[in-house]
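All values below come from the heavy atoms of this structure, side chains included, with hydrogens, waters and symmetry mates left out. Convention: sequence-line order gives letters A, B, ...; per-chain numbering from 1. From a predicted model like this one, the values you see are computed outputs, not experimental measurements.
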Protein chains: 2
Amino acid sequence: MEEKEVQSEVTDKYSLRGRVFNRLREDILSGKYESNEELREITIGAEMGVSRTPVREALRQLELEGLVKIVPNKGAFVTGISAKDIHDIYYIRSYLEGLCAKWACEHITAEQLEQLEETIYLSEFHARKKHMEQIVELDNKFHEIIYEACDSKMLRHILSDYHHYVERVRKVSLSDVNRATKSNEEHTKILEAIRAKDAELAEHLAHEHIIKTIDNLNRCGL
Amino acid sequence: MEEKEVQSEVTDKYSLRGRVFNRLREDILSGKYESNEELREITIGAEMGVSRTPVREALRQLELEGLVKIVPNKGAFVTGISAKDIHDIYYIRSYLEGLCAKWACEHITAEQLEQLEETIYLSEFHARKKHMEQIVELDNKFHEIIYEACDSKMLRHILSDYHHYVERVRKVSLSDVNRATKSNEEHTKILEAIRAKDAELAEHLAHEHIIKTIDNLNRCGL
DNA sequence: ACGAGTATTATTGTATACAATTTACTTGAT
DNA sequence: ATCAAGTAAATTGTATACAATAATACTCGT
């Protein structure tokens with residue numbers, strides 16, 4: 001089967017800048033740096049074995065991502081992402097995932113419907129086996145397919161961004177097997193609504209799906 | 001009165017990179033470049049009298065903004081922003097402005113309420129006088145105040161971005177004096193709902209406010 | 001000992017130099 | 001004339017050099 005590369009990485013993976021960008025983003029999101037910690041170009045460059053140039057470019061990009069604050073002539077400081085930020089993102093996503101599912105009803109292809117079905121089917125298998133790694137990956141895939149299907153560059157862009165932001169938290173949430181199973185059931189219902197072209201229902205279900213995820217996170221004490 | 005600088009410019013205005021970034025963004029959004037047009041680092045640098053370094057950093061940032069697509073080892077190409085993109089952004093905004101108004105109910109300060117009132121009052125004046133420039137500026141301000149008041153870094157960030165994206169279109173929409181007047185009435189109702197801490201109503205009104213703006217755009221043939 | 005002012009150092013901002021890659025062109029064989 | 005291969009030119013990717021700014025340390029007077 002042809003495995004379509006999901007374009008979650010905006011930035012070139014293979015250039016030095018891309019590598020620095022991705023690694024810094026990962027490190028910031030995973031909490032390796034303190035909040036407000038200063039990121040010195042030379043230091044980071046030395047750590048990664050590159051010159052200042054790619055580091056600077058990566059830092060400037062991270063500024064736009066909101067993960068770093070750059071003070072002119074002073075330096076780059078880690079902004080990080082607080083528990084409230086994550087909470088807010090989930091609420092924002094609850095609306096946008098709803099809108100996305102609604103639009104997907106109009107634009108989804110038979111092939112994409114097929115892919116969604118397959119994704120859920122596989123995910124049910126891995127949920128029974130408690131293969132957490134695969135569950136998260138398939139959750140990723142399910143949502144990314146709908147992002148594609150909504151046929152909106154803007155909506156896909158923002159949702160992919162947020163999906164990335166909360167990746168670490170999603171892993172925790174889905175580690176709860178009960179939640180993973182529930183999540184699959186919700187995915188199934190969303191798929192059925194989209195297949196039936198019931199835009200209202202699809203929107204509502206996708207919205208509720210995220211709200212329930214938030215509830216679960218709260219239960220996990222996040 | 002202390003005029004608080006609205007931080008719509010993420011990027012340092014005074015560095016060369018910041019200037020290149022802002023100018024390129026403006027030029028792309030205003031349609032100065034063709035879609036898919038190649039942006040050569042040297043050419044742009046020459047046009048703006050700077051070296052490649054600040055140009056590269058600006059281009060990398062614009063990539064993250066989605067205004068430029070960078071193909072490794074080949075170049076930077078204008079992505080631009082289509083009529084559909086703008087349409088999509090307005091729909092996305094309709095939800096997010098609703099959410100923003102809802103959250104603002106909980107967090108808005110007396111001072112911010114005061115500012116909102118003043119903004120509307122002034123805007124009514126300029127609407128009667130047909131001072132289009134000021135009307136757009138005050139519309140900006142009204143929304144930015146609420147973005148601040150929602151007390152969510154993430155939501156403010158994304159809404160400010162989108163506000164910027166559609167700035168050119170907003171000017172067209174508000175050039176219709178009838179729309180400008182209507183818009184002020186809607187702003188007033190939103191303000192009242194927020195002041196009354198009626199989160200449900202505020203959300204609904206803010207949502208509808210954007211939907212009506214979309215209707216108006218459609219009537220203008222955008 | 002303390003603080004103002006200055007010199008030194010460190011760091012960022014920008015320009016340029018060099019390397020790697022891609023694109024365009026030229027040349028030659030069929 | 002057409003196409004292919006190879007070479008030259010142009011362009012991007014990265015590193016380094018230089019300039020400007022900010023942080024630090026030091027001197028000197030009180």
How long is the line joining [atom1] of [X] and [atom2] of [N], in whole Å?
X       : N      : atom1 : atom2 : answer
A:Phe77 : D:dA23 : CZ    : P     : 8 Å
A:Leu59 : C:dG13 : CG    : P     : 10 Å
A:Arg19 : D:dG13 : CZ    : P     : 14 Å
A:Asp12 : C:dA20 : CG    : C1'   : 14 Å
A:Met48 : D:dG13 : CE    : P     : 19 Å
A:Tyr14 : C:dT21 : OH    : P     : 15 Å
B:Ile44 : D:dT11 : CD1   : C1'   : 13 Å
B:Arg60 : D:dG13 : CZ    : P     : 5 Å

OP1 or OP2 of [N] less than 4.0 angstrom from a side-chain nitrogen or oxygen of [X], does that happen here?
X       : N      : result
A:Ser51 : D:dA15 : yes
B:Arg56 : C:dG13 : no
A:Lys74 : D:dA23 : yes

Of the candidate nucleotides [options], which contains the atom at the shortest distance from the side chain of [X]?
X       : options                : answer
B:Glu38 : D:dT11, C:dA15, D:dA15 : D:dT11
B:Asn73 : D:dT14, C:dT21, D:dA17 : C:dT21
B:Arg52 : C:dG13, D:dA15, C:dT16 : C:dT16
B:Glu41 : D:dT12, D:dT14, C:dT14 : D:dT12
A:Ile42 : D:dA15, C:dA17, C:dT12 : C:dT12

Q. Is there side-chain contact between B:Glu137 and B:Asn140, with at least one heavy-atom pair below 4.5 Å?
A.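 Of all side-chain heavy-atom pairs linking B:Asn140 with B:Glu137, at least one is under 4.5 Å.
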Q: Please round to the nearest 0.5 Å and tell me the distance separating atom CZ of B:Arg60 and atom CD1 of B:Ile70.
A: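 The distance works out to 4.0 Å.
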Q. What is the distance from atom CD1 of A:Ile86 to atom CE of B:Met154, rounded to the nearest 0.5 Å?
A.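 So the CD1 of A:Ile86 and the CE of B:Met154 are separated by 9.0 Å.
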Q) Is A:Arg40 touching bases, backbone alone, or none of the nucleic acid, heavy atoms closer than 4.0 Å? A)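 Sugar-phosphate only.
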Q.
Regarding A:Ser15, tell me which of base, sugar-phosphate or nothing describes its non-hydrogen contacts under 4.0 Å with the strands shown.
A.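 Here A:Ser15 touches the backbone only, sparing every base.
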Q.
Donor-acceptor pair, distance only, cut-off 3.5 Å: does the side chain of A:Ser123 make one with the backbone of A:Thr119?
A. no
**Q.** Whether B:His131 and B:His126 hold their rings parallel, tilted or perpendicular, with breakpoints at 30° and 60°
**A.**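 Rings of B:His131 and B:His126: tilted, 30 to 60°.
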